Amino acid sequence: MDKIIITGGKKLKGSISISGSKNSALPILFATLLTDEKCEIKNVPTLADIKTTIDFLNFIGKSTKKNKNTVIAEQSAKLNHIAPYDLVRKMRASILVMGPLIARLGKVDVSLPGGCAIGARPIDIHLDAFKQMGAIIELKEGYVKVTAENGLKGADIEFRFASVGATENILLASVLAKGITRIINAAKEPEIVDLADMLIKMGAKISGAGTKIIIIEGVKKLSGCTHSVISDRIETATYMIATAITKGDVTLKNTNPQHLQIVIEKLIESGLRIKVKDDEMKIKWTKDLKPINIQTEIYPGFPTDIQAQWMALMSVVKGNSRVEETVFENRFLHVGELQRFGADIKIDGNSVSVSGVDKLSGAPVMVSDLRAGAALVLAGLCAQGKTEVLRIYHLDRGYETLEKKFRKLGANIKRVKDN
Ligand code: EPZ
């Protein structure tokens, strides 16, 4: 297993380009199952989760190849309706195979994903929606079997929570369903809009993506398409906070500032200088930052995927702040690890109070999940001395060439084999 070693204290300087969005690329790759025709997907980041998805698509019956950041997916065999445990356990997003397979085959058997480090993460909203579209759901031997022998029927579906994954799964299923589907209380994340844009290029009839109500008129068949994935807003925010925590001066290219309004506002309120021009952001630390409270919320609120990195930043900002998590039930596993750097943080239910310290000291730490890992790297970049970050396979799931990008910005960071 690899680990990352950081010698902290370098101010980040220079410019890097932001990669394509992991959380957009995953549903978009699953969308290629909706057609026999060729799909060409560009700006796909090179990540462990993308490799898992490509292997998965090939197992299901596609011939999917990746060359640099372009993926070509073509149909090569009859589609298989079973998604086994071995594939689903590697990546929760594998449940996005449900929508396209029920739509194409009228049945799918998916191993239940189970919980993960950040919470129980049930899939009841996905399943209730399939049921409302006429599917029969059975749970057997660790599998959820969804069957709609005569195809899915459009329905008015109101989500009890604006789940990102459920919105994607129902979009993927309803584009080929009979009649009109309305998703009420849909997720509004930019990744939903990106998926809808790709489906529309394939011939789907969708309106309202990016708002609370998405209307889908089912069509008989979808065609191939060429689509370029949006840039990764979570990666962007991670490098913005890295600039703030190291008192740096960094330009981020190939990003979309529109997708990060709340994070930009919070960083400016804290005292960071941010200049936005088209798809570029210039971030400069010019003075001591102020502590700012955040509460995670669904889009356009503060993203839960940036909560851990924000906490790392607040742990070195003089004064007191609060971080509240409202999306996931157990997303504070980084707290214990940040304390190992000397951070003064206390958990109180779904909130955390942070009392900024003058400096963090490097420490050996362990990654529990992707964004927690990003927070530990940020802490290591500003800490005095050496930090060893273990279990970095979580980071490889979501940050393309992380050490390379940080090294380009002048950080002292390397990946080594851990024996
Ligand atoms: C997506 O997860 C992202 N993953 C997550 O990114 C992100 O944190 C999350 O959305 C919220 O923005 C991908 O896009 C692949 P949800 P998803 O369904 O779809 C509960 C990262 O680090 N819920 O909106 O799983 C659930 O338990 C990650 O890149 C139900 O109760 O998120 C959670 O508390 C991790 N029943 C909340 O809703 C359901 O049927 C949000 O989940 C579905 C969800």
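The first residue of the sequence shown is numbered 1, and numbering continues consecutively from there. Since this is a predicted model, take the numbers as computed values, not measurements. As the structure lists them, so they are numbered: ligands from 1, and atoms in each ligand from 1.
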The one among [options] that brings a heavy atom closest to [atom]:
atom	options	answer
atom 14 (O) of ligand 1	Asn23, Thr53, Thr326	Asn23
atom 30 (C) of ligand 1	Met91, Arg121, Arg160	Arg160
atom 10 (O) of ligand 1	Ile234, Val164, Thr304	Val164
atom 8 (O) of ligand 1	Asp305, Ile306, Asp369, Ile125	Asp305

Give the atoms of ligand 1, by number and element, whose distance to some non-hydrogen atom of [X] is under 4.0 Å.
X	answer
Leu370	22 (O), 29 (O)
Gly165	18 (O), 19 (O)
His126	40 (O)
Arg331	8 (O), 22 (O), 35 (C)
Ile123	39 (C), 40 (O)

Does a side-chain N-to-carboxylate-O contact under 4.0 Å join [X] and [Y]?
X	Y	value
Glu324	Arg322	no
Lys51	Asp55	yes
Asp124	Arg160	yes
Glu191	Arg233	yes
Lys22	Asp232	no
Arg331	Glu325	no

With respect to [X], determine whether any N or O atom, backbone or side chain, lies less than 3.5 Å from an N or O atom of ligand 1.
X	value
Phe161	no
Ala162	no
Arg92	no
Phe328	no
Glu329	no
Lys22	yes

With a 4.0 Å heavy-atom cut-off (strictly under), which part of [X] contacts ligand 1: side chain, backbone, both or neither?
X	result
Arg397	neither
Val327	both
Asp124	both
His394	neither
Arg371	side chain

Test item, Gly398 contacting ligand 1 (heavy atom, 4.0 angstrom) =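 For ligand 1, residue contact (heavy atoms, under 4.0 Å) with Gly398 is absent.
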Any Gln307 heavy atom less than 4.0 Å to ligand 1 =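 So Gln307 does not count as touching ligand 1.
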Take Lys405 and Glu403, measure what salt bridge (Lys or Arg N to Asp or Glu O under 4.0 Å) needs, and give me the verdict at the end.
-> CA-CA 5 Å; Lys405 287 190 182 180; Glu403 322 86 83; over 6 Å; no
Asp109 and Lys140: salt bridge (Lys or Arg N to Asp or Glu O under 4.0 Å), yes or no, with the steps?
-> CA-CA 10 Å; Asp109 294 1; Lys140 254 192 210 161; over 6 Å; no
Taking the side chain as C-beta and beyond, is there a heavy-atom pair between Asp128 and Phe159 under 4.5 Å?
->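 Counting from C-beta outward, Asp128 and Phe159 never come under 4.5 Å.
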Angle class for the His259/Tyr299 ring planes (parallel below 30°, perpendicular above 60°, tilted otherwise)?
->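 His259 and Tyr299: perpendicular rings.
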Which residue pairs satisfy the salt bridge (Lys or Arg N to Asp or Glu O under 4.0 Å) criterion with at least one member in residues 99-108, sequence neighbours excluded?
->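 Counting only pairs at least two positions apart or across chains, the salt bridge (Lys or Arg N to Asp or Glu O under 4.0 Å) contacts touching residues 99-108 are Asp36-Arg104.
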